[in-house]
**Q** 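Structure below; questions to follow.
Sequential numbering from 1 along the given sequence is applied to the chain's residues.
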Amino acid sequence: MNDQSVQVRIPTVMRPLVGGEKVIPATGATVRAIVADIGGRHAGLAERILDKDGELHRFVNVFVGDEDVRYLDGLDTPVPAGTEISIIPAVAGG
């Protein structure tokens with residue numbers, strides 16, 4: 001499977017880990033591969049997205065286009081070339 005080039009939107013709270021950038025490029029055929037790519041280039045980023053078991057933190061939502069990966073194939077969700085991925089921290093209130 002060939003890696004695909006995509007854009008990843010970074011939330012404000014994670015931007016210090018990527019030099020303040022709002023959007024960073026990434027390559028990978030699945031969400032898991034994309035997280036590995038950006039995590040390998042930006043120290044601490046993968047740990048903010050994945051838990052100690054390598055699954056999505058329960059308070060982090062990842063969208064491929066407009067689709068929440070939790071309702072697709074999770075980290076194994078395919079990522080077509082040119083797609084925008086958004087990392088969105090869950091908002092809690094009370």
Side-chain angles (χ1 to χ4, degrees):
M1 193 177 315
N2 291 337
D3 285 343
Q4 306 292 326
S5 179
V6 299
Q7 297 292 311
V8 180
R9 296 192 67 73
I10 304 297
T12 304
V13 297
M14 294 181 193
R15 288 181 191 159
L17 299 171
V18 297
E21 296 295 322
K22 294 179 180 181
V23 179
I24 59 172
T27 58
T30 65
V31 172
R32 186 180 312 277
I34 297 291
V35 172
D37 178 49
I38 63 176
R41 291 185 289 117
H42 302 283
L45 187 56
E47 292 81 4
R48 298 287 299 270
I49 300 168
L50 304 177
D51 64 19
K52 62 181 171 60
D53 297 322
E55 297 301 320
L56 284 177
H57 275 296
R58 63 184 178 94
F59 55 82
V60 174
N61 299 307
V62 176
F63 288 79
V64 173
D66 294 332
E67 299 291 326
D68 187 335
V69 300
R70 291 185 200 280
Y71 300 106
L72 300 172
D73 293 324
L75 291 172
D76 296 320
T77 300
V79 179
T83 300
E84 185 172 84
I85 294 180
S86 299
I87 300 169
I88 302 173
V91 177

**Q** Nearest 0.5 Å please: distance from the NE2 atom of His42 over to the CD1 atom of Ile24.
**A**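 Answer rounded to 0.5 Å: 4.0 Å.
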**Q** Check the hydrophobic clustering (I, L, V, M, F, W, Y; side-chain heavy atoms under 4.5 Å; chains of links allowed) and say if Val6 and Leu50 are grouped together.
**A**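 In one cluster with Val6: Leu50, yes.
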**Q** In the structure I gave you, are the side-chain heavy atoms of Arg48 and Val13 within less than 4.5 Å of one another anywhere?
**A**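 SC-SC contact between Arg48 and Val13 confirmed.
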**Q** Minimum heavy-atom separation for Pro80 to Val64, with atom names?
**A**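 Minimum heavy-atom contact is CD-CG1, 4.5 Å.
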**Q** Kindly indicate, with the supporting measurements, whether the criterion side chain to side chain contact (heavy atoms under 4.5 Å, CB included) is fulfilled by Val8 and Asp37.
**A** CA-CA 11 Å; Val8 180; Asp37 178 49; over 6 Å; no
**Q** Supply the atom-to-atom distance Leu75 CG to Thr30 OG1, rounded to the nearest 0.5 angstrom.
**A**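 OG1 of Thr30 is found 8.0 Å from CG of Leu75.
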**Q** Restricting to non-hydrogen atoms, name the atom on Ile38 and the atom on Pro25 that form the minimum distance, rounded to 0.1 Å.
**A**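 Result for this residue pair: CG2-O, 4.2 Å.
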**Q** With a 4.5 Å heavy-atom cut-off, do Thr77 and Val62 have their side chains touching?
**A**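 The answer is no, as the side chains (C-beta and beyond) never meet within the 4.5 Å cut-off.
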**Q** At what distance, to the nearest 0.5 angstrom, does CG of Asn61 lie from CD1 of Ile49?
**A**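 Going from CG on Asn61 over to CD1 on Ile49, the span is 12.0 Å.
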**Q** Following the transitive rule for hydrophobic clusters with a side-chain heavy-atom cut-off under 4.5 Å over Ile, Leu, Val, Met, Phe, Trp and Tyr, establish whether Leu17 and Phe59 coincide in one cluster.
**A**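 Hydrophobic grouping puts Leu17 with Phe59.
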**Q** Ignoring hydrogens, what is the shortest heavy-atom contact between Arg9 and Glu84? Give both atom names and the distance.
**A**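 So the minimum-distance heavy-atom pair works out to CD-OE1, 3.0 Å.
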**Q** For Asp68 and Phe63, which heavy atoms make the closest approach, and how far apart are they?
**A**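 That would be N-CD2, 3.4 Å.
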**Q** Going from CD on Glu55 to CZ on Arg70, what distance comes out if it is rounded to the nearest 0.5 angstrom?
**A**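 Interatomic distance, Glu55 CD to Arg70 CZ, rounded to 0.5 Å: 9.5 Å.
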**Q** So how far is it from Asp73 CG to Arg32 CZ, rounded to the nearest 0.5 Å?
**A**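 Between Asp73 CG and Arg32 CZ, I get 10.5 Å after rounding to 0.5 Å.
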**Q** As a quick check of understanding, evaluate side chain to side chain contact (heavy atoms under 4.5 Å, CB included) for Val69 and Leu56, giving each step before the final call.
**A** CA-CA 10 Å; Val69 300; Leu56 284 177; 3.7 Å; yes
**Q** May I ask whether Met14 and Ile34 are part of the same hydrophobic cluster, defined by side-chain heavy atoms of I, L, V, M, F, W, Y residues being less than 4.5 angstrom apart, directly or through others?
**A**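 Same hydrophobic cluster.
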**Q** Ignoring hydrogens, what is the shortest heavy-atom contact between Pro11 and Pro89? Give both atom names and the distance.
**A**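 In terms of heavy atoms, the two residues are closest at CB-CD, 3.5 Å.
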